[in-house]
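Following: one structure in structure tokens, then a few remarks.
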Amino acid sequence: MKISSIDQLGTFIKVLDNGSFSAAAALLDVSQPAVSQQVRELERRMGVKLVERVGRSVAPTAAGTSLLGFARQIVETAAQASEAVSDHANGVLGSVRLGTGGTACLHWLPPVLSALKQQHPALQVVVSTGNTDEFVRRVEHNQLDLALVTLPVSSRALQVTPALKDPFVVIGPAKGARLPRKTTAIHLAALPVIHFEPGANIRQLIDGWLLAGGVRLQPSMELGSVEAIKEMVANGLGYAIIPAMALRKADHRRLQVRAMEPALTRELGLIVRHDKPVTRALQAMIQALARHTPPGARPVRTGGKR
């Protein structure tokens with residue numbers, strides 16, 4: 001198969017994964033007519049219609065469905081072969097597309113990426129931030145190579161490897177009402193609580209802990225950023241429950257930090273497609289994450305190969 005045919009297969013995959021020619025064009029940074037032309041040329045080569053419009057989106061025909069799985073394998077194999085040859089020709093390790101939540105991005109990744117850069121200067125890491133549900137979808141669709149997410153995750157397409165256990169803590173303003181050394185849900189019931197936005201895994205974990213303690217809170221504020229929550233608390237606007245990983249040394253001078261009773265811990269893990277080729281770049285990224293544990297967290301030891 002000619003290289004141009006591999007490019008056409010890649011475009012075909014992008015169109016179906018994103019449900020439209022325009023979305024595929026935006027991701028590929030080309031015009032929509034160029035995407036349409038690539039798909040038409042692939043259909044001409046195959047001698048059969050592969051994509052059809054269904055309402056406002058596009059979907060594979062029966063022939064397109066048959067081709068899609070093979071197309072993914074061909075594109076992945078071609079990329080792996082190109083990377084292997086490039087390693088020998090230029091000493092370039094390759095690239096990794098990594099998804100992670102905002103807290104891990106700020107408090108776990110910097111030393112990981114710094115060490116990785118020193119060991120493999122040519123390795124490119126493209127980091128995207130978001131939430132677990134988004135990353136599950138993007139890894140399933142091969143839009144990301146791997147992602148750090150809050151577990152549990154249920155997907156037959158993905159290999160899930162536990163990586164860290166990160167305890168939660170209660171925080172309050174340094175000059176606010178004093179919290180007990182071990183804080184329960186009842187202690188928070190009468191206080192203004194700043195919470196994470198609804199829908200996120202982290203919000204569900206905290207709400208479950210509160211309900212188990214007999215408390216259903218009406219948050220005084222809901223924010224999507226743990227750093228924003230810390231700032232609001234430090235300025236006396238309320239109390240909050242956050243991952244211990246998010247605390248810096250300076251935070252202990254401006255915040256009350258208390259253990260939770262009973263303890264609440266979240267588990268972070270790596271998700272990768274089962275059929276994802278383990279390139280040198282991907283292996284280096286996984287190993288670097290395993291070597292660095294952020295303050296307050298503890299690693300999960302597993303017998304996995306990745």
Side-chain angles (χ1 to χ4, degrees), residues 98-110 127-138 144 147-153 164-180 183-261 263-269 294-297:
L98 172 68
T100 179
T103 302
C105 185
L106 285 172
H107 300 279
W108 187 3
L109 281 190
V127 180
S128 300
T129 57
N131 59 52
T132 293
D133 290 341
E134 174 190 355
F135 288 147
V136 167
R137 178 185 60 79
R138 293 181 66 186
L144 291 171
L148 289 165
V149 297
T150 301
L151 302 181
V153 164
L164 288 179
K165 287 188 179 293
D166 185 25
F168 286 84
V169 293
V170 178
I171 59 171
K175 297 182 179 179
R178 306 309 294 173
L179 293 167
T183 301
T184 68
I186 296 299
H187 291 132
L188 294 173
L191 298 172
V193 172
I194 301 171
H195 212 342
F196 288 91
E197 291 177 336
N201 278 22
I202 195 169
R203 169 68 180 259
Q204 295 171 17
L205 287 172
I206 295 171
D207 281 345
W209 180 84
L210 290 167
L211 286 172
V215 173
R216 186 185 295 274
L217 288 177
Q218 182 62 43
S220 62
M221 200 178 302
E222 295 176 326
L223 299 169
S225 163
V226 70
E227 295 303 309
I229 289 174
K230 287 196 304 182
E231 288 304 315
M232 296 298 179
V233 173
N235 281 277
L237 296 176
Y239 295 74
I241 298 171
I242 65 169
M245 183 194 301
L247 290 170
R248 302 180 190 273
K249 288 183 179 179
D251 291 328
H252 289 269
R253 294 194 293 270
R254 62 191 191 132
L255 297 170
Q256 300 177 56
V257 180
R258 301 289 187 263
M260 298 171 66
E261 182 63 44
L264 175 64
T265 300
R266 67 170 177 166
E267 191 167 52
L268 301 180

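For G101 against F135, the heavy-atom pair with the smallest separation is N-CE1, 4.0 Å. Contact record, T132 with T150: OG1-N, 3.2 Å, taken as the closest heavy-atom pair. Nearest heavy atoms, L148 versus W108: CD2-CZ3, 3.6 Å. Shown here for P167 and K165, the closest heavy-atom pair between the two residues is CD-O, 3.8 Å. Closest heavy-atom contact between L237 and S220: O-OG, 4.2 Å. For the residue pair A297 and D166, the shortest heavy atom distance occurs at CB-OD1, 4.3 Å.
Separation of atoms OH (Y239) and CG (L179) is listed at 5.5 Å; rounding is to 0.5 Å. Between L223 atom CG and I229 atom CD1 the span is 5.5 Å, to the nearest 0.5 Å. Note that the CZ atom of F196 and the CE atom of M221 stand 13.5 Å from one another [nearest 0.5 Å]. Rounding to the nearest 0.5 Å places CG of L106 at 11.0 Å from CE of M245. Once rounded to the nearest 0.5 Å, the distance linking CG of L217 with CD1 of I194 reads 12.0 Å. Note that OG1 of T129 and CD of E134 are 8.0 Å apart. Values are rounded to the nearest 0.5 Å.
A search for salt bridge (Lys or Arg N to Asp or Glu O under 4.0 Å) contacts involving D251 returns K230, R254, not counting sequence neighbours. Not counting sequence neighbours, R258 has no partner by the salt bridge (Lys or Arg N to Asp or Glu O under 4.0 Å) test.
No more than 12 heavy atoms of other residues, nucleotides or ligands lie within 6.0 Å of CZ in R216, so this atom counts as exposed by the packing criterion.
H195 pairs with exactly one of Q218, E222, R203 by the side-chain hydrogen bond (donor to acceptor under 3.5 Å, both in side chains) rule, that one being R203. Just one of I242, V233, I241, V193 meets the side chain to side chain contact (heavy atoms under 4.5 Å, CB included) condition when paired with V170; it is I241.
Between F168 and T265 there is no side-chain heavy-atom pair separated by less than 4.5 Å. Contact annotation: the side chain of V136 never approaches that of D133 to less than 4.5 Å [non-hydrogen atoms, C-beta and beyond]. Here the side chains of L268 and V149 are not in contact, with every heavy-atom distance at 4.5 Å or above. By the 4.5 Å heavy-atom criterion applied to side chains, P173 and L255 are not counted as neighbours. For the pair S128/L98, no side-chain contact is recorded, criterion being any heavy-atom separation below 4.5 Å from C-beta on.
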Would Q256 and I171 count as a side chain to side chain contact (heavy atoms under 4.5 Å, CB included) if you check the C-alpha gap in whole Å, the side-chain angles of each, and the deciding distance to 0.1 Å? CA-CA 5 Å; Q256 300 177 56; I171 59 171; over 6 Å; no
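At least one donor-acceptor pair closer than 3.5 Å links the side chain of H187 to the backbone N or O of T184. A donor-acceptor contact shorter than 3.5 Å is absent between the side chain of E227 and the backbone of G102.
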